[in-house]
Participant: 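First the structure, then my questions, so here it is.
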Amino acid sequence: MTYSEPARTTTRRVRIRRIRVAGLLVVIAAIAAALGYQSLPSSSSTAASPIDVLRGEHRGLRSEHRGALGEAGGAVPDGTTVFDDEVPGVANLDPALLRALRRAATDAAADGVRFVVNSGWRSPAYEEQLRREAIARYGSAAEAARWVATGTTSPHVSGDAVDIGPADATPWLSAHGAAYGLCQIYGNEPWHFELRPDAIAHGCPSMYSDPTQDPRMQK
Ligand SMILES: [Zn+2]
């Protein structure tokens with residue numbers, strides 16, 4: 001198999017460069033948000049999810065790190081959908097959330113919109129790994145807390161949250177999600193949805209600007 005080595009090295013270099021570019025975009029988005037531009041819908045809906053960036057790094061590590069960072073710990077393969085029962089990150093979601101997501105995804109497909117799951121259920125160890133990486137990326141635990149919760153506070157760990165992509169799918173869910181009880185919770189995370197059954201009758205509750213405003217994160 002040595003003949004494939006040069007090609008693989010090239011692929012890896014390209015991937016690393018892409019991750020660097022994505023990381024730069026996240027930093028720019030974070031600076032823009034800090035300057036008060038977070039309400040600009042065009043910038044927030046197209047910004048790369050920091051989790052996508054961290055997942056991109058995990059993809060490179062996947063062959064060496066199984067367990068906590070592998071699929072069993074909640075990492076999801078590219079292109080995973082809400083119908084992929086064999087992926088623990090999907091299968092371990094709250095059943096009511098999963099039912100709502102499947103109804104929404106079916107109706108979205110009729111509109112030509114396809115959801116993928118970028119992140120769903122996460123083990124506490126995977127959440128903590130993402131948090132450590134976010135602290136390294138953002139330079140402080142306080143800034144990282146705006147993007148990644150802890151292993152004990154994260155609604156991803158309890159199976160109550162899902163990060164939906166790609167960027168052209170999240171506007172569909174923002175517009176139609178309330179009818180399924182699916183709500184965006186944080187202003188800075190247009191990809192993060194949770195089940196709020198009351199939204200079907202009353203619409204989604206107002207968003208927190210970021211997770212640090214969420215009382216659940218104060219525990
Ligand atoms: Zn999320």
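Atoms within a ligand are numbered from 1 in the order they appear, just like the ligands themselves. Remember, it's a predicted structure, so these values are computed and weren't measured experimentally. Heavy-atom basis, side chains included; hydrogens, waters and symmetry copies ignored.
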Participant: Sub-3.5 Å donor-acceptor pair from the side chain of Arg102 to the main-chain atoms of Val82, do we have one?
Facilitator: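 Here the side-chain-to-backbone pair exists.
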Participant: List the residues meeting salt bridge (charged side-chain N to carboxylate O under 4.0 Å, His left out) with Glu127, not counting sequence neighbours, and say none if there are none.
Facilitator: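 Residues passing salt bridge (charged side-chain N to carboxylate O under 4.0 Å, His left out) with Glu127: Arg122.
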Participant: Say you draw a straight line from CG of Leu101 to CZ of Phe115; how long is it, rounded to the nearest 0.5 Å?
Facilitator: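 Result: 7.5 Å between the selected atoms.
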Participant: Could you pull out the atom name of the N/O/S atom in His156 that is nearest the Zn ion (ligand 1)?
Facilitator: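 Closest N, O or S atom of His156 to the Zn ion (ligand 1): NE2.
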Participant: How is the N/O/S atom of His192 that comes nearest to the Zn ion (ligand 1) named?
Facilitator: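 In His192, the N, O or S atom with the shortest distance to the Zn ion (ligand 1) is ND1.
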Participant: So which pairs with a foot in residues 122-188 pass disulfide (SG to SG under 2.5 Å), sequence neighbours left out?
Facilitator: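 Output for this query lists Cys183-Cys204.
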Participant: Can you name the N/O/S atom of Asp163 that is nearest the Zn ion (ligand 1)?
Facilitator: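 The nearest such atom is OD1.
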